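Worksheet for the structure shown next.
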Amino acid sequence: MKKLVVYYSFSGNTRSVARKIAQALEADIAEIRTVKSYPDDYDVLVSLGKREVESGCIPQIYPLAVNAQDYDVIVLGTPVWWSTYAPAVKTFLKNVKWGGKRVYTFATNGGSLGHTPSDFRKALRGATVPPTLSVRFDEGRQITTEHELNMWIMGIR
Ligand SMILES: Cc1cc2nc3c(=O)[nH]c(=O)nc-3n(C[C@H](O)[C@H](O)[C@H](O)COP(=O)(O)O)c2cc1C
């Protein structure tokens, strides 16, 4: 059964993890991209991100290169933004019917997943959702070991 890795990434950390997972699984891969681009200035981005998360913003995203509905097993990756998944991922979560799918979630972060795992479980109601993997970064440097990442990948069925 063909698997799909879907991710959103602003600065590349989540993209690098998503690519490793897709390569290991020989899975298809698709990036979630927002129609409106975010500011390059990190401080401006962080405060805009806060406003978006707090207001429950659902930014417009481009259609994926593939139809996520066609896959029974999906790996979904996000950066943690203000203790939850990024707004672009929120939009994607609303666009797919999740019932009956198995969804493996991972979240890159600078130290804490916050309530990302429970938010994922709520948004993915009807799907089987194993525990969210935390992949910690110090800016662009991955702190979580390759071994830990590979062990998690080996659990994907
Ligand atoms: C708007 C914004 C909010 C963030 N909030 C958190 C947070 O609440 N907890 C955390 O550990 N890291 C937080 N971070 C750090 C990112 O989760 C981390 O750098 C992530 O790996 C970035 O992924 P990316 O390079 O794929 O965009 C935040 C970053 C941004 C831009």
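From a predicted model like this one, the values you see are computed outputs, not experimental measurements. Because only heavy atoms are used, hydrogens play no part in the values below, and waters and symmetry mates are left out as well, while side chains stay in.
With rounding to the nearest 0.5 Å, the separation of CZ in Arg102 from CD1 in Ile74 is 11.5 Å. To the nearest 0.5 Å, atoms CG (Asn95) and CD1 (Ile61) are separated by 5.0 Å. Note that OG1 of Thr132 is 6.5 Å distant from CG of Leu113, once rounded to the nearest 0.5 Å. Put simply, CZ on Arg157 and OG1 on Thr128 are 14.5 Å apart, with the number rounded to the nearest 0.5 Å. The line from CD1 of Ile143 to CZ of Arg141 is 4.0 Å long, rounded to the nearest 0.5 Å.
Minimum interatomic distance between Leu93 and Trp98 (heavy atoms only, all atoms of both residues): O-NE1, 2.8 Å. Taking every heavy atom of both residues into account, Leu48 and Pro39 meet most closely at CD2-CD, 3.6 Å. In terms of heavy atoms, Thr144 sits closest to Arg136 at OG1-N, 2.7 Å.
Following chains of ILVMFWY side-chain contacts shorter than 4.5 Å, one cannot reach Val89 starting from Ile29, and the two form parts of different hydrophobic clusters. The cluster map of Ile, Leu, Val, Met, Phe, Trp and Tyr, joined by side-chain heavy atoms under 4.5 Å apart, puts Tyr42 and Trp82 in the same cluster. Put simply, Leu149 and Val73 are part of the same group of oily side chains (I, L, V, M, F, W, Y) that touch within less than 4.5 Å, one to the next. In the hydrophobic cluster analysis, where Ile, Leu, Val, Met, Phe, Trp and Tyr join through side-chain heavy atoms closer than 4.5 angstrom, Tyr8 is grouped together with Val103. When the side chains of ILVMFWY residues are joined at heavy-atom separations under 4.5 Å, either directly or via intervening members, Tyr71 and Tyr104 end up in two distinct hydrophobic clusters.
In terms of modelled atom types and a separation under 3.5 Å, the side chain of Thr91 and the main chain of Pro59 share a donor-acceptor contact. At distances below 3.5 Å, not a single donor-acceptor pair connects side-chain atoms of Ser83 with backbone N or O atoms of His115. A donor-acceptor contact shorter than 3.5 Å is absent between the side chain of Lys2 and the backbone of Ala27. Side chain of Asp41 to main chain of Val44: a donor-acceptor pair is present (N/O by atom type, distance under 3.5 Å, no hydrogens or angles). Within the 3.5 Å criterion, the main-chain N or O of Val80 finds no donor-acceptor partner in the side chain of Thr84. Formation of a donor-acceptor pair under 3.5 Å by the Asn109 side chain with backbone atoms of Ala107 is found in this model.
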- Task: Give the intermediate values and the outcome of side-chain contact (heavy atoms from CB on, under 4.5 Å) for residues Lys101 and Val96.
- Result: CA-CA 10 Å; Lys101 296 191 187 300; Val96 179; 4.1 Å; yes
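You'll find the side chain of Ile156 reaches within 4.5 Å of the side chain of Leu25, heavy atoms only. Arg121 is listed as a side-chain neighbour of Pro117, based on a closest heavy-atom distance under 4.5 Å. Side-chain contact check for Val75 versus Trp152: some heavy-atom pair is nearer than 4.5 Å. Proximity of Thr34 to Tyr62: side-chain heavy atoms (C-beta onward) are nowhere separated by under 4.5 Å. You'll find the side chain of Trp81 reaches within 4.5 Å of the side chain of Leu45, heavy atoms only. With contacts defined as side-chain heavy-atom distances shorter than 4.5 Å, the pair Pro87/Tyr38 qualifies. For the pair Asn150/His147, no side-chain contact is recorded, criterion being any heavy-atom separation below 4.5 Å from C-beta on. Contact of the Leu76 side chain with the Thr78 side chain is not registered, since no non-hydrogen atoms from C-beta on lie closer than 4.5 Å.
For Ala30, the side-chain contact (heavy atoms from CB on, under 4.5 Å) criterion is met by Leu4, Leu64, Val66, not counting sequence neighbours.
Residue Gln69 places its CD atom among more than 12 non-hydrogen atoms of other residues, nucleotides or ligands, all under 6.0 Å distant.
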Which side-chain N or O atoms in residues 12-22 pair as donor and acceptor under 3.5 Å with protein atoms at least two apart or in another chain?
from	atom 1	to	atom 2	distance (Å)
Asn13	ND2	Glu139	O	2.9
Thr14	OG1	Thr108	OG1	2.9
Arg15	NE	Tyr7	OH	3.4
Arg15	NH2	Glu31	OE2	2.8
Ser16	OG	Asn13	O	3.0
Lys20	NZ	Gln142	OE1	2.9
Lys20	NZ	Glu146	OE2	2.8

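Applying the salt bridge (charged side-chain N to carboxylate O under 4.0 Å, His left out) test to every pair with at least one member in residues 52-75, sequence neighbours left out, gives these pairs: Lys50-Glu54.
The distance between the ring centers of Phe120 and Tyr85 falls below 6.0 angstrom.
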